[in-house]
Structures are given as structure tokens and as C-alpha cells.
Amino acid sequence: MTTTEVPTDIDRDTRLALYRQVVGLRRFEERAHRLFMEGLVKGTSHLSTGMEAIAAGVAEAMRPDDLTFCTYRGHAHTLARGTPMDGVMAELLGRANGVCGGKGGSMHLTSVEHGVMGSYAIIGAHLPIANGAAWSAQLRGSGQVTVCFFGDGATNIGAFHEALNLAAVWKLPIVFVCENNLYMEYTPIGEVTAVEHPAADRAGAYGLEPIIVDGNDPDAVYLEASAAIERARAGEGPTLIEAKTYRHGGHSRADPGDYRPEEEVDAWLARDPLPMYRERLLELGIDAEELDAIEQERQDAVDAATEAAKAGPLPDPESAFTDVWADGGSSWRN
Amino acid sequence: MTTTEVPTDIDRDTRLALYRQVVGLRRFEERAHRLFMEGLVKGTSHLSTGMEAIAAGVAEAMRPDDLTFCTYRGHAHTLARGTPMDGVMAELLGRANGVCGGKGGSMHLTSVEHGVMGSYAIIGAHLPIANGAAWSAQLRGSGQVTVCFFGDGATNIGAFHEALNLAAVWKLPIVFVCENNLYMEYTPIGEVTAVEHPAADRAGAYGLEPIIVDGNDPDAVYLEASAAIERARAGEGPTLIEAKTYRHGGHSRADPGDYRPEEEVDAWLARDPLPMYRERLLELGIDAEELDAIEQERQDAVDAATEAAKAGPLPDPESAFTDVWADGGSSWRN
Amino acid sequence: MAELITYREAVTRAIAQEMRRDGSVVFLGEDIAAAGGVFKTTKGLLEEFGPTRVRDTPISEEAIIGAAMGAAMTGMRPIAEIMFSDFFATCWDLIAVEIAKARYMTAGQVTVPLVIRTANGGGLRFGAQHSQAVENWAMMIPGLKVVAPSTAADLIGLFAASVRDEDPVVFLEQKSLYPVKSEVPDGELVDELGTAKVVRPGDDITIVALAAMVPRALEAAEQLQQDRGISAEVIDVRSLVPLDTRTILDSVSRTTRLATVEENPRLCGWGAEIVSIVGEECFWDLDGPLTRITTPHVPLPSSDSLEDLTLPSVERIVESVAKALG
Amino acid sequence: MAELITYREAVTRAIAQEMRRDGSVVFLGEDIAAAGGVFKTTKGLLEEFGPTRVRDTPISEEAIIGAAMGAAMTGMRPIAEIMFSDFFATCWDLIAVEIAKARYMTAGQVTVPLVIRTANGGGLRFGAQHSQAVENWAMMIPGLKVVAPSTAADLIGLFAASVRDEDPVVFLEQKSLYPVKSEVPDGELVDELGTAKVVRPGDDITIVALAAMVPRALEAAEQLQQDRGISAEVIDVRSLVPLDTRTILDSVSRTTRLATVEENPRLCGWGAEIVSIVGEECFWDLDGPLTRITTPHVPLPSSDSLEDLTLPSVERIVESVAKALG
Ligand SMILES: Cc1ncc(C[n+]2csc(CCOP(=O)(O)OP(=O)(O)O)c2C)c(N)n1
Ligand SMILES: Cc1ncc(C[n+]2csc(CCOP(=O)(O)OP(=O)(O)O)c2C)c(N)n1
Ligand SMILES: [Mg+2]
Ligand SMILES: [Mg+2]
């Protein structure tokens, strides 16, 4: 991994912004979990609890008009770009005030106005799509950079390979971020992968540098992402970053994650990005009160979002039959 | 590439067998081309003219019960395993005495009794399938090794990536042979690939050694293939070999291949495996008469196959409706 | 003797039955071994049959289906799981263009006896990419057999028939049925592909349904009888390929009316195929229009309140049938 | 003024027309740029529009379609070539599960205006993996428009309409038609999706056909008239989604009989869908069974002598129609 020392070249405001992100994402995911257990979130949901430093670090390195592509585990990435919690929470609850009017749900969060170009639930599929957005930015000369998140498991599917090669050949302004949380659904990635580092050990196959970063360290992620985004914006092509992390909970829904060895879970819980980063900020001389205030503000936001979501109306029944076509409808005949 | 010196550890009989293969494949492909231009081979055909050393070298290293998977450019690989020329030529002409009764054609040559498990016309698709045959050999403990041929262009499709990873993880007894002839259909592989050596530079992504061999040298191919097959048979898992070569003609059908720079074509024609290998055998003290006799015998075989194919009956019309199902028929209803 | 078990338990039992019987049956897929499957349909199989025969794979659907195909070509009888039928799209080439065509292209030299089992269909609020009913995707490809049971007993029997079949079978488990219990007789069960079942006799109209639509059609038939005195015959198709057209044609020629109930979206669904067979071969027996009840031609929404408006409901079946009978 | 050009030339002209008009139209695919396409349908485009807008790709169908989708979502209007429609199977997830569903899942936040053009169908002796007619694959997926022209003029006009459409369009060029010449008027051509054409008026039966089946249906109609005095109306569907049901229903309600001519294999073909619409909405006007003429449900053979027995021939259309009319 690139660093274990405390980076010094990050300013105070950025650090506070990172902290605010990590706290907010944590509180949001905790609430989402509770609402799932209460039966208010239907279907499924995949949380980023324990993995928030990646979403936070990358998002802080992005420009407002940059573009994000998420997986089904996309709450954190969607929120980190500034999508309001209300709309995201309401979407989880299938309400009309959700970002996708209840039609997308937890796995398909999208907020184009915040540069969140969608959450894709087929492993690997969004890597080629993200390329397209990057290609478009290149063609339009917009200077936008695209960031595409995916899991360790996604590195073994064909679309990963096709996308990385094309991105490299076309020198696309894109950053691929592999969140390596050591597991696919329940199977350890190491059991089904020919190399130790599922993303970094493949970088060379696309003429790219192998990069591994501590995904539990917001500063480290922020720096690595900033450098990659800068390169992309300068026309130097794609970067593939492998961020090592761990999910505190199970893969989805009510999964307790008990297929994981206790010592492994404990070791990673001891590296929980939230208290670790708080500790670092305190060490760097930031007041506890200031951090507490941020925590309170984020908690309030989550509470407010929960209320707004619960109070949200069910979708108009008609909306089941809208938005298949650009004319707004679903008619396939005259 | 592994060697430019003349290997010394190949016995005379093997060399003569290699020569017989190369000559036979060359004569066959020349004839196939002529029959295509005469309108007797319909549809399409993809020749291995100039690339015969690979088919020859690998086949000579295989055990009779080993398994071969080909692409649409599969005449050479099919023949090299001992499939009679008559059946292959008749298949190109769409006759009943073709190896697939006229239903497969040039792109789908198959002769299960000679270990030729099929020719597949979707780029990359047969790599995962070949894995399956290797897995089966592993499960059955048969000691069979599977060899899977494909082009440089196939290294950029997803199925390549999925297959290589699985083969490595499951330590399958399989040898992947990439015939790098520098071109896809008409586009140079270098223009669309992020690395210089499309196969070898990806080997590391699957924990494999990068191996490049001179695909115009039957001896070099034979030695490299023998080593790989031995490893596979010993349970040491897969090998990925990149064999550099060049097709003398176009990609398919009547393509003159004129998108290729003249100097490039000339340089490769100067490295034509057939005269080069003949030269080597002469240098090694083998009589010209012996080689001439082999050439004559192979030419006669091609002539006889041509006659047999031309004389072959058209398929029974009923056969258009057979062999969809294992019961021999095509009925989907009662 | 009989026992009440869930459709989910039937899957485990079906796989185990066949793996015990035949050592050449092997099973591969994502999270199927150590974890027992994401739908918990394969619990205990690793323990009983060991890691050689029950294998976890990477997330590589093409590699999974390819491995199954190559193994089937060379003496094994693989069962491959594709976790959700939606993911067929990621390995459609292997299924539709390789497996389905291998036997024909090689004039019978290659045989591909394998089963691809998958969780199909909607109702679990999983949204557009994890809820598709894709039985028509498979039906439209020459060379694939297509089976979709509606009960635990049918599941076991048809699964056994599929594993023992010499041809590739796409075996669709309807995921909303997993928790549903039904009766299963003791002992080995082996059913027959290509046989539909009249699950409710009737006189006025034939309702043809599949998988999760069968219990809905039955309930609708009950309501039609009780509320409107309409006697509906319900046929569980069970197997789309081969298709038991005799049972369907015989029924329609008696009832003189047909309605199909499909979970797949409207266009080119299997109901259209059955309607076209009836409209050609049974035309002169018909006393009224041919009715199709399908999911409308939309991707599925995630929200429960919206999803319930899309899949054919008992109510919609009742109304459509009543309307068809004028 | 009008000019005789090949269907192949029409492709080039259609792409050039739209690329000249709109700078946001870009074109990508395998061997389409420097080589001018493996069917020589894109010759000269690289020269006119340059390598930024006309791009050769690796053999990576998922990367191609993904690039098109992402670009379409962000302001471009990509045209992606998939060399043979058979290869849809290698990127079916991108087409059917991503592109088709993006707008719906995001409640209209994302729009995907792109065209996927491809060489579809049989007749060139390319065998089972390069000859499939897959129009029904696309038709069955909610969210995809599906167009398949039969003449050069229709090709240009419908292609222009497809590029200008805000929705994703699967544009199927029938590869056996590439060398066929037909008349094309001068100037810009822009047609309308969702409009079928009565290409031959008639009274006794409606024959609905698509792409390469249209000239065969027309020839069959001619023979039916001359040899048996049967007056067949022939409709060129042109666009499967949206589907011009009005033109079809109006015709059938007049002729009272329907036959469909499909190149796709039998099960779940688009003909079944049209039959089911007619069988439901036009039932009382019908005077005879609904007839489907399709490629039988087999993968295609390579040998010319066998392939000619599979695709619907003029002869088979004549016989089937004559038989239907008793
Ligand atoms: C093509 C495909 N195959 C399988 C799945 C089912 N699935 C959903 S999440 C998941 C595990 C993904 O693991 P990873 O990429 O490591 O991401 P993580 O969930 O750990 O963030 C699987 C197998 C899918 N959605 N798509
Ligand atoms: C999935 C897929 N995409 C495209 C094609 C069309 N195609 C046939 S051969 C070929 C070029 C293959 O190049 P390479 O792998 O280098 O093999 P070579 O023909 O040079 O032996 C292409 C693009 C195909 N058959 N399958
Ligand atoms: Mg993971
Ligand atoms: Mg090549």
C-alpha cells in the first residue's frame, strides 16, 4: 500500500470535509440497515459500512462536473457526490420522492444532476459504460473525469478486461477504483483469483501501474485519487486503483457475514476508518468539539432524511408504466 | 522469443513428421483457396497459410487422446491431429461425406474421434469451453491435456480473461496457444491493444509465465508445446503460449490482405516456415529425396481428398432437420 | 407417504438425488458450495459431495457455462448455477450460440448433456436487473430445452429428468416460489420433460400458465367459478421445450377458448407462441378471441407498490378471462 | 430524381448523411474505419469524418456497446456496429439489461440515444454462428426499438429516424440484401419509426414480412395471383418496435386472413406476437386459421444445399398461403 504515515499535504478544510463525509456515510448506512431490518427497505440493500473512506476520499478529489459510476453497493458513492440524503433514503423505501421515484431502489441509485450516472447491478457491466462517459468527455473536450467503482469480485468478469484495455488504448480520462473488501458475496476473493491483488496484479496487462492504497484511510485515498484524476484530466489516460478495505457487516440484506473468521473481522474492526480518522484529526490538533458538531449535524441530517422518506408518498401507480421511452411512456404500438 | 538457434534435442523421426505436417497443411490450404476461388467452397474460409508450424509443432507434441479446440481458422489444427483430408475437404464443399455432413462447414470443423472437439466461430468463446474439457479430464483422471488455439485479437475479449483466470485457479491441464499473426481481420492488433504482446504481456495477470515462441519454427513450437503439455499432464496447471507468425494471405475468403505494408509482408514471406524448415532439415543431413517423397505423398493426398470431396454426394435434404437433439431429430413438440 | 417441503428444499433434494445416483454429475456456480447458495438452495451439498464435485467459481459467467459445456462434451453431467436468470445475458453467447448449436453443427458428434439452473422472475422487489422472467429468451433458441416447475414435487421430478436428458436443459426456478411449501412423495422422483399437466379441469376456457403464474391462475380459476360461474381449465405447461401441444390443443378444442398467463414481458413471450399454435391448428374450434395476460412491456420497477402492478395478478387474470368470455 | 443503389451503399450513405448533419454523431466498431467494414458498408467514412469520429475497436463487444451507451448518456449520439447480429450474444447484457433499462430505472434521468447496427440473417452459407436472424431477441426486451428495412430507400430513411430518435434502436441490416439494388430519391431522407408499409395491395389474405422476407413475400404474392388467382396483400413491417398494429389490423380485418413470414427460427418469433395481436383484437373478422411461415426451429446449416431448405422460400410461402386458404 502506498502509505501508512500521516500525509502532511492535505489542508484542514479538506480533512474536515473528509471527516464529515465518513461520518455521514456511516450514520446513513447504519440507518439504512435498521430500516431494512424493520421491513421498510424492501428487496435488498448492500451497505458500505467500514468502507466509507474510499467513497469520501475519491469524492473529495473530484470536480463537481466529474462523473461517478457505482455498483449496487452505491449508497456511499451516491451520497458522497452531494446527492441529498432525503432522496436517497426515500428511494430505499420505494417512495415517490426517491431519486428514481422508487423505480430504481437501493441497487440503482442515480442522480445525474450530482454527476452520479447510475448504480449498476450486473457485476462489471458499468466499466465499459463508464468508459463511454469518459470517451464522451474526451470528444466534447469538457475536461470531465469519470470515476468507476467496483468490487474485487468484478475483476474476474470479462467486462473488466475489455473495459480496461479500451480505456488504456483510447487514453480515456477515467479512474477505475476497485474496492477490495476481500469477499465477493460470501466467497473469499482469494479462493477464485489467480493473483493476490485482483486489480493491481492485473494493471500491467493494460500497460498501467499497479496501485494499492489503504482504503480505510481517507487521506491516502484522497491523495491517490487526486493524483489519478489529475493525470486523467491532463490527458494521460486511465488509472486503476485497488483500495483495500473490509465491510463491517454482511454482503447484503440480513447476511450476518459469519463465513468470515473472527480474528479477521476483529482485526479490521480495529482499523475502522471512522475512529481512526477522528483520532488522526485530534492528533493534528483539531478540536473534539468541532468534530462532535460535525457528527451531530450529520446525525441530524440522517434523522431528517429518515423522516422525509417515511413521510414520502408511494409512487403514482401510473409511474410503473412511464419512462420506458424518451416520450415518457411505455407504448410499443399504435 | 525462446530460441533462434537450431534445437538439438529433437529426433529425426519427429522432424520428418513435423515436415510432413507443414507440407501437408500448406498444400491443403493452397487447394482450399483455389476451390474457394472456383466457387466450390461456399460461404467463407480462413486459411493458415504461413502459420502451419504452430499447428504442426503442437500436434506432434500431443498424445492421441489429447483434445484440441480450434477457431474458425481451424483447417490446419483439425488436420494436424490426424483427421483425414477427405472428410475435411468434403466439409468445405458442403458434402455429405464431410466431417460434419456439410452442416458445419469451414468454420466448424470437428472430428471427435481424432480429439478435435470443434471449431468455434465466436471470438474467445471456446476458451471457457476448452477449460471444461480440461476440467473433465482432471475429474476423470484421464491424463488428457487440452490445447486451445486462438488469435491475437481474441486476447481482448472478456471470455479470454475469464477462462485464463479459471484455468489458473483450478490448475487445469490445458495449454492456451495464441497465434499472433499481427492482425485481427484487417486491423493491426497493436492499434487496439494496451500492451505489446497481447497474450504474453497478460500472462502475469493469471499468475502465469510470459512465453513467446517463434511460430514459424516447427522445432521451437514443438519444444515449447511439449514442455507445456508435460507440465499440464503432471498437474502443474495451464500454460499460455504466444506464437508469433503471419498469414501469407488475407483474413478470409477473397481478401487480398492489401492493408498490410509490403515490406512487412516481404519480411515474413522470407521467413516462410516451409522452405525454412526444409533448409534446416537439409542442413541437418536429411536427404532431399526423402523430403521430396514426403512432399509428393502429401500432394497426392490433397489431390485425392479433392477428388473425394468433389465426388461426394450433397447432404440428404432431411439432414437439415436432424441432430438438433440427442434423439437425432429436431422436434420441439408432440 | 408424502411430506410438505419448500420449493427451496426441493432444489437441494433434487440435486442431491441426482448426485448420489451418478458420480459424473458435478455442480458449479458462484457461492454454491461453502455458502450453500445465495438463495440457500444448495446447503449441505458441499458437505455431502465434497469440493471436487461441488465447486465455487469466480464471478465469471462465461467461464462457468463454458466449463459446464466442455465437461458435458467429454463425459461429465454438469449442473451449472447462474445465480439470477438476468445474468444469462452475460453468458448468452455460451448458452445460445455454443451449447445450443454444438450438436447440430457437428452433425451429432458432440452431445452436451447439462443443466443450467437459475433463479428466474420477479416479485422480490429486486428491480429491473434482478427480476426478469427470461423463459422466452431460452425458448427462442433452437437446441435448448426449457423447464420451469411450479411445485416442489414437479421440481424434483423434472430436475431429475433434466439431468438424465442427453440435451442441454435450461431449468428455471421461480425465485418467489422458494419459500412455498407443497407435498412431495417419498423416494426417488423422476418425471418426464415435454409433459404439461391439467392442474384443474374446466369447460369454458383453457388457461395456460407457468411457474409462479400457475398458483395465480388456479386462484383466479377458483374465483371465476365462485363469483361468475365460469369453469376454467388450468394447464401447467411445466416444459416449454419440448412443448406438450397435445394437452393444450385437446383442452382448447374442448373449452373453445384460450388465455395464457405469462410472467415475461409482453412482446414475443411464450404465450404468443402457444396462441399462434392454437390459432393455426385449432382455429375452427375457437369460439372467441385468444387472450394473453402478461407483464406489460416494461422493465420491472423496484418499489413493491409498483412491482405489484406489473406482474399478472389474480385479479387481472380474473378480469381478463371474464372479459374474453364476454 | 432517383437513383439505383445497393442496400450496401445505402448504409454508407445513411451514416454519412447523419454524421454530416450532427457533429455529435460518432461511429465505432471492429474494422469499420481503416478497412471500411467487413461487408464494405462503411467505406470512406474514416476519410470524410476522421479518426476522432470513426473508430476502430478491439474485439470487445461489451466494450463497444458500453462505450456507446456511456457516450449516449452524456451528450453524444453514437452509432455502434456489431459485425454480425450473432455477436449480440457476447454483449447481450449491455444491450438488454443496461441500455434497455437505464431510462426506466432512473425514472428518466438517463436517456440513451444510440443506434446499434448489425448484419443480420442467413443465406450466405456462413453456418450456425454467423447466420442467425435475431430480431425477436431484441423485440422481446422492453426499452429497445427494433428496425429492419428491406430496401435501400427505407434503409436510409429509417436509419436517419433511428439516429435522431431519443431512444436506443437496434438496426438490423439483412446481410443477404447488401448487393441488392433499389431506387433511392435524391436528397436527405428521413422516415418514421413505427410505420409499416403496404407494399402490395390485395384482398384475400394479408402477408406480413420483414427485411429479406419482403421480396420473397412479394414474389410469392405475384405467383399466387398468377397461378391461383389469390390476391395477397403484402405488408413490410419495417419496425417491430414500435409496431404499426393499425396497418396490420386494418389489413387483416379487410382480407380476413393472416400469414406471417419470419426468418427467425420458429419459437417466440415476432410472427407469433403479431398473430397473437390479431387473434385477440381481430378475431371476429377472421375467416381462417392464422398461418406462420418461419425458419424451422433448427440452428442453420452451412452447406448451401441445406441452408436453402431452412429459410422461408418463395415456394414455401406460396404453398403455405394456398393451404391456409384451403
Ligand atoms: C454478472 C453477475 N454475476 C453475479 C452477480 C451476483 N452478485 C452480486 S454482488 C456479488 C459479489 C460481488 O463481489 P465484489 O465485486 O467483491 O463486490 P462487493 O459486493 O464485495 O462490494 C455477486 C456475485 C451479479 N450481480 N452479476
Ligand atoms: C465475438 C466476435 N466478434 C467478432 C468476430 C468477427 N471476427 C471473426 S475473425 C476476427 C478477427 C480475429 O482475429 P484474431 O483473433 O487475431 O484471429 P485470426 O483471424 O488472426 O487468426 C473477427 C473480428 C467474431 N467472430 N466474434
Ligand atoms: Mg468484494
Ligand atoms: Mg490475428
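Each chain gets a letter, A, B and so on, in the order its sequence line appears, and its residues count up from 1. Treat the numbers as computed from the prediction; the structure is a model and nothing was measured. Atom set for the values below is all heavy atoms of this structure, side chains included, hydrogens, waters and symmetry mates excluded.
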Could you tell me the separation between the [atom1] atom of [X] and the [atom2] atom of [Y], rounded to the nearest 0.5 Å?
X         : Y         : atom1 : atom2 : answer
Arg55(C)  : Leu139(B) : CZ    : CG    : 5.5 Å
Asp93(C)  : Tyr120(B) : CG    : OH    : 11.5 Å
Asn131(B) : Ser60(C)  : CG    : OG    : 10.0 Å

For this session: Before accepting this row, confirm whether a basic side-chain N of the pair Glu273(C)/Arg333(B) lies closer than 4.0 Å to the acidic partner's carboxylate O.
Result: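 Looking at Arg333(B) together with Glu273(C), the answer is no, because their closest N to O distance does not fall below 4.0 Å.
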Work out which heavy atom in [X] is nearest to a heavy atom in [Y]; give both atom names and the distance.
X         : Y         : answer
Arg103(C) : Asp323(B) : NH1-OD1, 3.0 Å
Glu62(C)  : Gly158(B) : OE1-C, 4.1 Å
Pro58(C)  : Leu166(B) : CD-CD1, 3.4 Å
Met76(C)  : Ser136(B) : CG-OG, 3.5 Å
Val112(B) : Gln109(C) : N-OE1, 2.9 Å
Ala107(C) : Cys100(B) : CB-O, 3.3 Å

Using non-hydrogen atoms and a 4.5 Å limit, figure out which bit of [X] sits close to chain B: side chain, backbone, both or neither.
X         : result
Ile99(C)  : neither
Ile65(C)  : neither
Ile277(C) : side chain
Lys101(C) : neither
Leu114(C) : neither

Problem set entry | Polar side-chain atom of Asp167(C) near backbone of Ala326(B) as donor-acceptor pair, under 3.5 Å |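 Yes, Asp167(C) side chain to Ala326(B) backbone: donor-acceptor pair under 3.5 Å.
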For this session: May I ask you to decide if Gly104(B)'s main-chain N or O and Tyr104(C)'s side chain share a donor-acceptor pair within less than 3.5 Å?
Result: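 Checking the backbone N and O of Gly104(B) against the side chain of Tyr104(C), no donor-acceptor pair under 3.5 Å is found.
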As an exercise: rank [options] by heavy-atom pairs under 4.5 Å with chain C and give me the winner.
options                                    : value
Gly102(B), Ala320(B), Ala121(B)            : Ala320(B)
Ser111(B), Ser142(B), Ser330(B), Gly118(B) : Ser111(B)
Leu172(B), Ile129(B), Ile122(B), Asp327(B) : Ile129(B)
Ala125(B), Gly101(B), Ala167(B)            : Ala125(B)

For this session: Say whether Thr245(C) and Asn334(B), considering side chains only, have a donor N or O and an acceptor N or O under 3.5 Å apart.
Result: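 There is such a pair between these side chains.
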Exercise. Does a donor on one side chain and an acceptor on the other come within less than 3.5 Å for Thr110(B) and Thr106(C)?
Worked result: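 Result is no, nothing qualifies.
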Non-hydrogen atoms of chain C under 4.5 Å away: do they reach the side chain of [X], the backbone, both or neither?
X         : value
Ala130(B) : neither
Leu127(B) : neither
Gln144(B) : neither
Thr146(B) : neither

May I ask you to check whether over 12 heavy atoms, not counting those of [X], lie within 6.0 Å of atom [atom1]?
X         : atom1 : result
Glu236(B) : CD    : yes
Glu48(C)  : CD    : yes
Glu209(B) : CD    : no

Residue selection (most heavy-atom pairs with chain B, distance under 4.5 Å) from [options]:
options                                   : result
Thr74(C), Val97(C), Val110(C), Thr247(C)  : Thr74(C)
Glu61(C), Glu166(C), Glu98(C)             : Glu98(C)
Leu249(C), Ile59(C), Asp244(C), Val112(C) : Asp244(C)

For this session: Check the pair Trp170(B) / Thr57(C) against side-chain contact (heavy atoms from CB on, under 4.5 Å), numbers first and verdict last.
Result: CA-CA 9 Å; Trp170(B) 287 8; Thr57(C) 68; 4.0 Å; yes
Problem set entry | Geometric cation-pi criterion, Lys145(C) with Trp332(B): 6.0 Å, 45° |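 No, cation not above the ring by the 6.0 Å, 45° rule.
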For this session: Tell me, with the steps shown, if Trp325(B) and Asp165(C) meet side-chain contact (heavy atoms from CB on, under 4.5 Å).
Result: CA-CA 10 Å; Trp325(B) 308 119; Asp165(C) 201 272; over 6 Å; no
